[in-house]
Amino acid sequence: MTESVDVVVVGAGVIGLAVARRLARDGLSVVVLEREDAIGTQTSSRNSEIIHAGIYYPSGSLKARMCVAGRELLYRYCADHDVAHRRTGKLIVATDTDQLAALDGIAQRARENGVDDLRRIGRTELAEMEPEVSGVAALWSPSTGIVDAHGLMGALRRDAEQAGAVISLRSDVTGGRVRPDGRIELTVRDIGAIVCATVVNCAGLGAWGLARSLTGFPAERVPLRHLAKGSYFGLRAGRAPFERLIYPVPVDGGLGVHLTVDLDGIARFGPDVEWVAHAEHVVDPARADAFYAAIRRYWPGLPDDALQPDFAGVRPKLTGPGEPATDFLVQGPTDHGVAGVVNLFGIESPGLTSCLALAAHVAATIDRDRLR
């Protein structure tokens, strides 16, 4: 039997759930299709769980705008919905004088993005704040924090369902087509067909495959996909001697091997950058050697044999190794010419921070006349 709704959201990660919540609260009939047997099992739950301030991204970019707006929306949402979080603050540490210019560039970009509480500190103040950190200078970001990503997704799911959205797990979209009447028909394994006025592709790592599977969608409008695996290591015993998040100056493909502390006080280091052809989440213990070297640049007191493999995640990227980082791509009908299709490509960091702002952005791209 074929069912028909206003909007189908494909993917029940943090972005898909935030979009579903927003659209259902707008009064639309919404179904979320998730191929796994639980929400948020991929990129949304395999990350550093950081609430980013909006420091690094090019001025005017979607990443910058969504992160800065989304940060405040997220802090407010967590407070209102009892989602565990904390404003830990973070230090971006220059470990030698050659990195001072990069630190200045980060500070300038942050100001352009409207991050007005970032502060440069010197070696003495850095040592007072974090005695175990070695550096010549740092940027102090008091707006950075941490959040329970699973708790956040649970809250978004409850909100969406209370507003009338239906979350369908184990619902693998195997293909679809743009019908002659302009509506979108999706085929769901073991369920059948579902027809909608609009499909929002929030499938994360699978967003590219879903777009290519839609008959009638121009293949040339599907960008290239690059995968950057990031491994994390934890401490074997004891607690890290830090109260704040510690970041190095960014590296190609990511923000560098940084130290985060979760809401239980457990420290972990990562992610690194490993360009891969396929998504898999096994941490290679041999990568620890590079972690020791990276971490000891800012924490020279890291003991030998202190690290153990923790977990890995895979970032969906639009650019590959050696290429400049690119922006989020929210691709609507004005971009690709197919009414009723909204694709989200390359939603990596700061996607978690940006989820509520991205949901509002997606809502604004939907042609409500098609729903009448």
query = Considering all heavy atoms of both residues, which atom of Pro303 and which atom of Tyr292 are nearest to each other, and what is their separation?
reply = O-CE2, 3.6 Å
query = Between Arg268 and Val261, is there a donor-acceptor pair closer than 3.5 Å when you use the side chain of the first and the backbone of the second?
reply = no
key: From Phe328 atom CZ to Lys63 atom NZ, the distance as rounded to the nearest 0.5 Å   = 5.5 Å
task = Can you see which heavy atom on Val341 is nearest to which on Pro333, and at what distance?
result = O-CD, 3.6 Å
message = Is it the case that the side chains of Gln99 and Thr95 hold a donor-acceptor pair, with the cut-off being a distance below 3.5 Å and no angle test?
response = yes
ask   = Is the number of heavy atoms from other residues, nucleotides or ligands under 6.0 Å of Arg236 CZ greater than 12?
value = yes
task = May I ask whether Ile266 and Leu245 are part of the same hydrophobic cluster, defined by side-chain heavy atoms of I, L, V, M, F, W, Y residues being less than 4.5 angstrom apart, directly or through others?
result = no
ask   = Under 4.5 Å between any side-chain heavy atoms of Val178 and Glu185, yes or no?
value = no
Non-hydrogen side-chain atoms of Val257 and Ile295 separated by less than 4.5 Å = yes
request  = Find the distance between CG (Asn201) and OG (Ser213) and round it off to the nearest 0.5 Å.
outcome  = 8.5 Å
Plane angle bin for Phe269 and Trp299 - parallel if under 30°, tilted between 30 and 60°, otherwise perpendicular = parallel
ask   = Within the distance-only criterion (no hydrogens, no angle test), does the side chain of Arg86 pair as donor or acceptor with the backbone N or O of Ile146 below 3.5 angstrom?
value = no
Ring center gap for His281 and Phe311 short of 6.0 angstrom = no
task = Examine the side chains of Thr260 and Tyr232 and answer whether a donor and an acceptor come within less than 3.5 Å of each other.
result = no
task = Grab the two heavy atoms, one from Ala363 and one from Asp26, that are nearest each other, plus how far apart they are.
result = CB-OD2, 4.2 Å
Pairing of Glu36 and Arg170 as salt bridge, 4.0 angstrom limit = no
key: Enclosure of Arg189 CZ (heavy-atom neighbours >12, cutoff 6.0 Å)   = no
note = Separation between CZ (Arg120) and CD (Glu125), nearest 0.5 Å, reads 12.0 Å
request  = Salt-bridge test for Glu72 and Arg76: reply yes if a basic N is under 4.0 Å from a carboxylate O, no otherwise.
outcome  = no
remark   = Rounding to 0.5 Å, atoms OG (Ser143) and CZ (Arg87) come to a distance of 5.5 Å
message = Under a 3.5 Å distance rule, please check whether Thr326 uses its side chain to pair with a backbone N or O of Leu318 as donor and acceptor.
response = no
task = Find out whether Ile106 and Ile92 are in side-chain contact, i.e. whether some heavy atom of one side chain is under 4.5 Å from a heavy atom of the other.
result = yes
query = Is there a side-chain contact (heavy atoms from CB on, under 4.5 Å) between Met129 and Ile121 once you walk through the steps?
reply = CA-CA 10 Å; Met129 294 177 71; Ile121 65 173; 3.6 Å; yes
ask   = Hey, is the main chain of Pro350 close enough, under 3.5 Å, to the side chain of Ser354 for a donor-acceptor pair?
value = yes
query = In terms of side-chain geometry, is the basic nitrogen of Glu161 or Arg21 positioned less than 4.0 Å from the acidic oxygen of its partner?
reply = no
inquiry  = Side chains of Leu17 and Ile167, heavy atoms from C-beta outward: is any pair under 4.5 Å?
reply    = yes
ask   = Counting N and O atoms only, with roles assigned by atom type, does the side chain of Arg225 sit under 3.5 Å from a partner on the main chain of Leu205, one being a donor and the other an acceptor?
value = yes
Pair Leu235-Gln308, side-chain contact (heavy atoms from CB on, under 4.5 Å): steps then yes or no = CA-CA 6 Å; Leu235 292 176; Gln308 63 182 358; over 6 Å; no
request  = Compare every heavy atom of Pro58 with every heavy atom of Ala64, then report the nearest pair and how far apart it is.
outcome  = CB-O, 3.5 Å
ask   = Going only through I, L, V, M, F, W and Y residues with side-chain contacts under 4.5 Å, is there a path from Leu358 to Leu28?
value = yes
key: Main-chain N/O of Phe233 paired to Asp310 side chain as donor or acceptor, under 3.5 Å   = no
request  = Measure across Trp208 and Leu224 and return the closest heavy-atom pair with its distance rounded to 0.1 Å.
outcome  = NE1-O, 3.4 Å
ask   = Do Thr319 and His226 have side-chain atoms, one donor and one acceptor, less than 3.5 Å apart?
value = no
ask   = Quick one: are Val9 and Leu33 in side-chain contact, heavy atoms under 4.5 Å?
value = no
key: Shared hydrophobic cluster, Leu227 / Val273 (ILVMFWY, side-chain heavy atoms < 4.5 Å)   = no
query = Would you call Arg287 and Asp272 a salt bridge, using N to O less than 4.0 angstrom?
reply = yes
Pair Gln331-His336, side-chain contact (heavy atoms from CB on, under 4.5 Å): steps then yes or no = CA-CA 7 Å; Gln331 190 189 65; His336 52 60; 3.5 Å; yes
query = Listed by chain and number, what are the side chain to side chain donor-acceptor pair (under 3.5 Å) partners of Asp98, not counting sequence neighbours?
reply = none
key: His150 backbone acceptor or donor facing Asp148 side chain under 3.5 Å   = yes
note = Distance col, row Ile50:CD1 vs His258:NE2, nearest 0.5 angstrom, shows 5.5 Å
query = Quick one: are Val200 and Val8 in side-chain contact, heavy atoms under 4.5 Å?
reply = no
inquiry  = Could you tell me if Ser4 and Arg183 have a donor-acceptor pair between their side chains, going purely by distance under 3.5 Å?
reply    = yes
ask   = When you look at Asp159 and Tyr77, which way does the side-chain hydrogen bond (donor to acceptor under 3.5 Å, both in side chains) test go after all the steps?
value = CA-CA 11 Å; Asp159 271 2; Tyr77 183 85; 2.8 Å; yes
inquiry  = Quick one: does any side-chain atom of Arg179 pair with a main-chain N or O of Val195 as donor and acceptor, under 3.5 Å?
reply    = no
request  = Output yes when a side-chain donor or acceptor of His85 lies under 3.5 Å from a complementary backbone atom of Val83, and no otherwise.
outcome  = yes
ask   = Do Val314 and Met153 share a hydrophobic cluster, counting only Ile, Leu, Val, Met, Phe, Trp and Tyr and linking them when any side-chain heavy atoms are less than 4.5 Å apart?
value = no
task = Group every Ile, Leu, Val, Met, Phe, Trp and Tyr by side-chain heavy-atom contacts under 4.5 Å, then state whether Ile366 and Leu62 land in the same group.
result = yes
query = Where do Leu344 and Val362 land on the side-chain contact (heavy atoms from CB on, under 4.5 Å) test, with the steps shown first?
reply = CA-CA 9 Å; Leu344 281 76; Val362 168; 4.0 Å; yes
ask   = Does atom CZ of Arg35 have more than 12 heavy-atom neighbours, drawn from other residues, nucleotides or ligands, at distances under 6.0 Å?
value = no
task = Looking only at non-hydrogen atoms, find the nearest pair between Glu130 and Phe242 and report the distance.
result = OE1-CA, 3.3 Å
inquiry  = I want to check something: taking the side chain as every heavy atom from C-beta on, are Ile191 and Ser168 in contact at a cut-off of under 4.5 Å?
reply    = yes
key: Atom pair OG (Ser59) and CD (Glu112), whose distance is rounded to the nearest 0.5 Å   = 5.0 Å
Non-hydrogen side-chain atoms of Ser349 and His52 separated by less than 4.5 Å = yes
